[in-house]
Peer 1: 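Would you mind keeping the following structure in view while I ask a few things?
The sequence lines fix the lettering, A, B, ..., with proteins before strands; numbering per chain opens at 1. FYI, side chains are in, hydrogens and waters are out, and symmetry mates aren't considered; it's all heavy atoms of this structure.
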There are 2 protein chains.
Amino acid sequence: MKETKDACNLNNCFLCTNSVKDWLPAISTHKKNFAVKKGESIFKEGDPVKGIYFVYTGKVKVHKRWNNDKELIIRFAKPGDILGHMGLGNNPVYPVATTALEPTTLCYIDLAFFESTLNVNHKFTYALMKFFADELQKSEQRMRNLVHMPVKERIALAMLNLKKMFGVDAAGAINMELTRQDLSSYAAVSYETWFKVTQDFIQEKMIAVTGKSITLQNEAVLQKLVDDANGGFE
Amino acid sequence: MKETKDACNLNNCFLCTNSVKDWLPAISTHKKNFAVKKGESIFKEGDPVKGIYFVYTGKVKVHKRWNNDKELIIRFAKPGDILGHMGLGNNPVYPVATTALEPTTLCYIDLAFFESTLNVNHKFTYALMKFFADELQKSEQRMRNLVHMPVKERIALAMLNLKKMFGVDAAGAINMELTRQDLSSYAAVSYETWFKVTQDFIQEKMIAVTGKSITLQNEAVLQKLVDDANGGFE
DNA sequence: CGCTTCATTGAAAAATGTCAACGTGTGTGG
DNA sequence: CCACACACGTTGACATTTTTCAATGAAGCG
């Protein structure tokens, strides 16, 4: 992770777009920008919290390790999102790890300046509170889904989520390259299981896979799988 | 749920303890107090969000339904906690249900006044933001635990959590009465499985159960189960 | 006393993960 | 350019875990 200059023009991250105008100069002085290479870690589980990151460009996975070789991808972060906010509570240690999935640029402010910002910049505090409320809602929704949904449905849901989050490219493929390991970690299933279910989906013409690109060919059926699993409750 | 007078003296809920002094009169005028009977629902999944609740006394479960007959208990709320905040994001519908587990008193403010509070009362917004950050951290931790931990460990963890959250009574039993259904929903396992594992724990003198009281007799072993499952990662 | 509800238990089924093997490519050093 | 090792995708068989189902027993209640 390398510090860079001028990567950010104060207009496309959560911090800047949610700050009052006259606080921007202060941000400009205090912020740092970083460039992160694909596959590089931004922080790891257990690292002491020193500051908070805002994603400017790129994509990042937020994950939690399990038993040395398994992991669960909690969520993805994309431009406009926040990283490292879970360390803001009482526990001064990051509870999750974050890794760039493609070249990523970040805006960073240290905890001290972050606290000043919260005190001065009420618009930001408010926006942050709302952001957390949303994240919490998503997290609890996801918790229930992961706990109760069968594997097939979880994988269908994962694919739908990815498309919703990252959109599709010109060819119609989900605009995100993930290793198969990552895909299975996101759906919270073993790699082999993920593979087999995916084969089924391909057989049934619900998705198409070429290399690392995934195209949803029949979103309606995938959605129906998920809906049926929910039994009418969302 | 019945409205009551004078149930709250402005000093023991999240709202009041985190507000600036001169905002308390306004709260006093706008707040409502409710008494909820054991087993009664405060709001249900899908209900439109009208306001936010603060637990004054009692205990509440926050749960999400699944397929008409299964549910997952997301978390518990006790005095000082907040209910209904997940509706604060963009989605104006409660994503979870809340049900009183014993006679409970609540403080309630409607959304309009809540928004005014946020605008005026920055101390409160700040505290709320911190609260959400903590909740989010717990939620993500719990998500990973529920996904990766085997049943036995999940149940051990559930018991330890309950003790940590609610403490013990004079006899040393966990200070909370839950139906066995609720217990299994909290550990995210089927009722029968919960029962069988619990029997094992009793055999091995790790817990004792009399009626609805549960006593942890060997917390260290339960904790070790959980720690081992985590493989050194917290 | 009969009925309903809940607790308890065992057996069977279903879902998922684990393991090992095989093939296919891909890069490297000779 | 070839041979080899190595990583990774792919697959099937198998083991394990967990749930589901059904039967039985116990307990409360009109």
Peer 1: Show your reasoning for whether side chain to side chain donor-acceptor pair (under 3.5 Å) applies to B:T99 and B:H63.
Peer 2: CA-CA 8 Å; B:T99 305; B:H63 50 112; 2.7 Å; yes

Peer 1: Please determine, for the side chain of A:V151, which listed nucleotide (D:dT11, D:dT19, C:dG17) has the closest atom?
Peer 2: C:dG17

Peer 1: From the set D:dG9, C:dT16, D:dT18, return the single nucleotide nearest to any side-chain atom of A:P150.
Peer 2: C:dT16

Peer 1: Could you check whether the rings of A:Y191 and A:F195 sit parallel, tilted or perpendicular, using 30° and 60° as the cut-offs?
Peer 2: tilted

Peer 1: Given atom CZ of B:F195 and atom P of D:dG25, what is their separation to the nearest angstrom?
Peer 2: 15 Å

Peer 1: Using a cut-off of strictly less than 4.0 Å, decide whether B:Y191 has a side-chain nitrogen or oxygen near OP1 or OP2 of C:dC6.
Peer 2: no

Peer 1: Which one, D:dC21, C:dG17, D:dT10, comes nearest to the side chain of B:E192?
Peer 2: D:dC21

Peer 1: Look at the side chain of A:S190 and decide which nucleotide, out of D:dC21, D:dT10, C:dG17, has an atom nearest to it.
Peer 2: C:dG17

Peer 1: Go through D:dT11, C:dT9, C:dG17 for me and flag the one nearest to the B:K196 side chain.
Peer 2: C:dT9

Peer 1: Are side-chain N/O atoms of A:K31 and A:N33 paired as donor and acceptor at under 3.5 Å?
Peer 2: yes

Peer 1: Rounded to whole Å, how long is the line connecting atom CG of A:D200 with atom C1' of D:dT11?
Peer 2: 13 Å

Peer 1: D:dT10, D:dC21, D:dG12: which one has an atom nearest the side-chain heavy atoms of A:R180?
Peer 2: D:dT10

Peer 1: Rounded to whole angstrom units, what separation is found between the CH2 atom of A:W66 and the C1' atom of C:dG17?
Peer 2: 14 Å

Peer 1: Please determine, for the side chain of B:T193, which listed nucleotide (C:dT9, D:dT11, D:dT19) has the closest atom?
Peer 2: D:dT19

Peer 1: Can you tell me how far P of C:dT16 sits from CD of A:E153, to the nearest Å?
Peer 2: 8 Å

Peer 1: What is the distance from NZ of A:K212 to C1' of D:dC8, rounded to the nearest Å?
Peer 2: 11 Å

Peer 1: Measure CG/B:L178 against P/C:dC6 and give the value in whole Å, please.
Peer 2: 16 Å

Peer 1: Step through it carefully: locate the ring centre of B:Y186, locate the ring centre of B:F76, and say whether they are under 6.0 Å apart.
Peer 2: yes

Peer 1: Expressed as a whole number of angstroms, how long is the span from B:E71:CD to D:dT19:C1'?
Peer 2: 17 Å

Peer 1: Look at all strands and tell whether A:K70 reaches a base, only sugar-phosphate, or nothing, counting heavy atoms closer than 4.0 Å.
Peer 2: sugar-phosphate

Peer 1: Can you tell me the distance, in whole Å, between the CZ atom of A:R154 and the P atom of C:dG17?
Peer 2: 7 Å

Peer 1: Determine the sole option in A:K59, A:K212, A:K37, A:K38 for which the salt bridge (Lys or Arg N to Asp or Glu O under 4.0 Å) test with A:E102 is passed.
Peer 2: A:K59

